Amino acid sequence: MASAAAKAPSRSEVFSLFRSLLRTARDFSDYNMREYMKRRTIDAFRSNGGLSDPQSVSAAYADGKLQLEVAKRQAIVYSLYAPKVKSVMELKQLKS
């Protein structure tokens with residue numbers, strides 16, 4: 001059991017988690033939360049990019065999986081209370 005916990009995830013599993021977090025960020029109806037999730041995801045993966053120890057890699061991966069579950073739940077909650085008016089930033093993007 002201890003060896004399974006120390007086994008580092010494959011490169012494709014890490015990229016899959018990254019893409020899933022970015023996809024979940026798109027589910028937020030609020031512009032600020034959507035951009036925050038994207039920024040936080042990218043920053044977290046950049047800061048953990050230099051990890052080489054299998055234990056720390058698997059710990060970071062497990063934390064990312066937990067963050068993905070939290071983000072999915074938050075996206076659902078935010079969709080229930082979505083603002084009726086678009087953000088100024090979203091309006092600028094629509095005009096472009």
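Keep in mind that this is a model prediction, so the values were computed, not measured.
Taking all atoms of both residues into account, the shortest heavy-atom contact from Ser56 to Leu51 is O-CD1, 3.7 Å. Here the shortest heavy-atom pairing between Pro9 and Val14 reads CG-CG2, 4.0 Å.
Considering CZ of Phe45 and CG of Leu22, their distance stands at 8.0 Å, rounded to 0.5 Å. Separating the CG atom in Leu17 from the CG atom in Asp63 is a distance of 9.5 Å, to the nearest 0.5 Å. Rounded to the nearest 0.5 Å, atoms OG1 (Thr41) and CZ (Arg46) are 11.5 Å apart. Here the straight-line distance linking atom NZ of Lys38 with atom OG1 of Thr24 works out to 13.0 Å at 0.5 Å rounding.
A donor-acceptor pair under 3.5 Å links the side-chain atoms of Ser58 to the main chain of Pro54, judged by distance alone. Side-chain atoms of Arg34 do not come within 3.5 Å of backbone N or O of Ala25 as any donor-acceptor pair.
Under the rule for a side-chain contact (heavy atoms from CB on, under 4.5 Å), the partners of Arg40 that lie at least two apart in sequence or sit in another chain are Tyr36, Gln67.
A heavy-atom distance below 4.5 Å is not found between the side chains of Ser79 and Asp27. Counting heavy atoms from C-beta outward, Glu69 and Arg73 have side chains that approach closer than 4.5 Å. Side-chain contact between Phe28 and Glu35: absent, with no pair of heavy atoms (C-beta onward) separated by less than 4.5 Å. Counting only heavy atoms from C-beta outward, the side chains of Asn48 and Tyr61 never approach each other to under 4.5 Å.
Under a hydrophobic-cluster definition in which Ile, Leu, Val, Met, Phe, Trp and Tyr are linked whenever side-chain heavy atoms come within less than 4.5 Å, directly or via other members, Ile42 and Leu21 are assigned to the same cluster. Linking ILVMFWY side-chain heavy atoms closer than 4.5 Å, directly or via other members, places Leu68 and Met37 in a single hydrophobic cluster.
Counted within 6.0 Å of OH on Tyr78, heavy atoms from surrounding residues, nucleotides or ligands total 12 or fewer; the atom is thus considered open.
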